[in-house]
Asker: 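Have a look at this one before I ask anything.
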Amino acid sequence: MPRLLRMLLLVVCILSGSLAHAEPLRIGTFAVDASPPVGSPLAYDPTAGVQLPLSCRGIVITGAGEPIVLCAVDWIGISNGGNRVFRERLAKAAGTTAERVAVHTLHQHDAPRCDFSAEDLLREYGLEGAGFNPAHARDVIHRAGLAVADAIEQARPVTHIGLGEGTVEKVASNRRILGPDGKVQYTRYTATANPKIRAFPAGTIDPKLKLISFWNGETPLVAVTWYATHPQSYYRTGLANPDFPGMARNARQNETGVMHVHFNGAGGNIGAGKWNDGSPSNRQVLADRVAAGMKAAWENTRRVPVTAEDVAWAVQPVVLPVADHLDEAELLAIVEDSDADNATRYYAAKNLSWLRRCVAGDTIDIGCLTLGPARVLHMPGELFVEYQLAAQQVRPDLFVAMAAYGDYAPGYIGTEVAYGQGGYETSARASRVSPAVEKTLMDAVRSLLKD
């Protein structure tokens with residue numbers, strides 16, 4: 001090949017590589033109302049009204065390969081086929097793949113749930129809408145998809161990210177209080193009336209609220225936050241509401257004029273029980289404390305220049321080890337039992353769907369978003385806070401945040417040692433994975449956080 005031709009080909013290759021990264025980094029935001037209509041099931045009661053609107057909101061990042069979509073919903077949980085359908089619809093709207101979409105809930109309890117796998121199974125036995133309103137769920141998903149498409153059209157350039165932390169005072173406390181024998185002696189639920197139980201130390205928590213903001217020059221575009229705790233102040237009101245984390249998010253958005261998206265961290269064994277006796281007035285108190293942590297994180301923000309080359313998305317698919325107590329025949333018998341109440345049949349259908357997924361080797365995606373010196377892990381279930389703290393220790397040189405409550409099907413996900421300590425969170429009623437889950441998840445976390 002003549003020397004001149006080789007040089008021309010080399011120039012073309014260099015230019016082609018440059019053009020591949022020429023698309024600027026952009027971000028779009030979306031938000032739709034996720035409040036259910038009156039009469040639709042909330043997690044535990046029919047909807048009597050809407051006290052404060054529920055939100056389905058998130059961000060779309062473009063310019064770093066196929067679009068990345070992160071979505072947070074003010075519902076109690078989205079599991080099995082619900083999570084799959086949600087991700088697939090948003091992926092289609094964004095022109096990306098479902099593997100590059102993460103859908104999480106904040107886990108409020110006066111809010112709906114969603115599981116199309118359980119709904120499809122129950123429909124075979126003549127029962128529809130037992131656990132949630134599927135028409136409403138599909139409508140929210142449809143409107144969220146339209147909003148994602150609009151977000152891409154209106155996406156704005158990103159020149160910097162901001163990284164901030166703020167300490168949240170007197171909100172988080174560990175739910176599991178161990179006795180002298182190393183077993184759970186008391187469970188300190190999110191609202192704890194007993195002053196003796198409230199008086200125990202806060203225990204193992206992550207007091208830090210993490211914030212990543214996206215900027216175009218000096219203009220903030222959106223702030224995304226993470227904080228690990230159960231979000232209930234009190235519930236069973238019949239009135240849909242986003243409870244204190246959603247109220248804090250909304251307050252900070254109104255205060256700053258900047259879109260805020262909030263994710264629940266690994267708060268499976270964390271609640272406000274030490275600081276909350278369940279009095280309705282405490283809801284605003286807790287909201288103000290979380291908002292103060294958000295404000296501190298905003299004011300402590302360190303801005304870092306960022307380009308598309310600094311952004312990446314990685315996924316580690318895992319098969320979670322299913323709990324031994326789940327039995328196909330027993331669960332199917334409950335699903336088929338027309339004399340059982342609707343809630344019992346719904347839970348059996350959800351658990352049976354999960355069991356069948358595990359047996360079939362169906363994977364859950366553990367996602368990791370890279371933003372320069374920051375990493376954001378996207379995890380399933382009601383994850384114990386120890387996973388969040390362990391992830392931070394894996395890479396103490398990085399800014400590491402974690403969103404849990406992705407696919408809700410596994411239920412509570414404890415550490416290996418926690419399953420031998422007893423307590424509600426690791427009981428057969430609450431957890432649908434085995435103690436081996438810690439190794440499976442932590443292997444994935446370490447793999448995703450390595451350089």
Asker: Flag this pair as yes if the NZ/CZ of R113 is under 6.0 angstrom from the six-membered ring centre of Y44 and inside a 45 degree cone about the axis; otherwise no.
Answerer: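 Yes, R113 and Y44 form such a contact.
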Asker: Are S431 and Y419 linked by a side-chain donor-acceptor pair shorter than 3.5 Å?
Answerer: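 Y419 and S431 do have a side-chain donor-acceptor pair below 3.5 Å.
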Asker: Within the distance-only criterion (no hydrogens, no angle test), does the side chain of W275 pair as donor or acceptor with the backbone N or O of A172 below 3.5 angstrom?
Answerer: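 Yes.
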Asker: So, the side chain of W354 versus the backbone of S79: is there a donor-acceptor pair under 3.5 Å, distance only?
Answerer: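 Answer holds: no.
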Asker: Side chains of residues 375-386: which donor-acceptor pairs under 3.5 Å do they make with residues two or more places apart or in other chains?
Answerer:
from	atom 1	to	atom 2	distance (Å)
R375	NE	T370	OG1	3.4
R375	NH1	G372	O	2.8
H378	ND1	H104	NE2	2.9
E382	OE1	H107	NE2	3.2
E382	OE1	H230	NE2	3.1
E382	OE1	Y405	OH	3.3
E382	OE1	Y412	OH	3.4
E382	OE2	Y408	OH	3.4
E386	OE1	N269	ND2	3.1

Asker: Give the table of side-chain donor-acceptor pairs shorter than 3.5 Å for residues 145-155, with sequence neighbours excluded, one pair per line with atom names and distance.
Answerer:
none

Asker: State the OG-NE2 distance between S233 and H109, to the nearest 0.5 angstrom.
Answerer: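 S233 atom OG to H109 atom NE2 measures 11.5 Å (nearest 0.5 Å).
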Asker: Does atom NZ (K274) have a neighbourhood of more than 12 heavy atoms from anything else shown, all under 6.0 Å?
Answerer: yes
Asker: For residues 235-248, which residue pairs qualify under salt bridge (charged side-chain N to carboxylate O under 4.0 Å, His left out), counting only residues two or more places apart or in two chains?
Answerer: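 Listed once each, the pairs are D45-R236, D243-R283.
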Asker: Counting the benzene-type ring for Trp, do F116 and F132 have ring centres under 6.0 Å apart?
Answerer: yes
Asker: Scan R100, R87, Q316 and name whichever one has a side chain to side chain donor-acceptor pair (under 3.5 Å) with D365.
Answerer: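 Only match with D365 under side chain to side chain donor-acceptor pair (under 3.5 Å): R87.
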Asker: Judged by atom type as modelled, is there a donor-acceptor pair below 3.5 Å linking the side chain of N83 to the main-chain atoms of V103?
Answerer: yes
Asker: R395: what forms a salt bridge (charged side-chain N to carboxylate O under 4.0 Å, His left out) with it, not counting sequence neighbours?
Answerer: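 Residues passing salt bridge (charged side-chain N to carboxylate O under 4.0 Å, His left out) with R395: D397, D451.
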Asker: Which pairs of donor and acceptor atoms, one on a side chain in residues 163-170, lie under 3.5 Å apart (sequence neighbours left out)?
Answerer:
from	atom 1	to	atom 2	distance (Å)
E165	OE2	K210	NZ	2.4
T167	OG1	K208	NZ	2.8

Asker: Show the atom names and distances, to 0.1 Å, of all donor-acceptor pairs under 3.5 Å that link a side chain in residues 134-142 to residues at least two apart or in another chain.
Answerer:
from	atom 1	to	atom 2	distance (Å)
H136	NE2	S35	O	2.9
D139	OD2	R143	NE	2.9
D139	OD2	R143	NH2	3.3

Asker: Would you tell me whether N80 and S117 have side-chain atoms, one donor and one acceptor, within less than 3.5 Å of each other?
Answerer: no
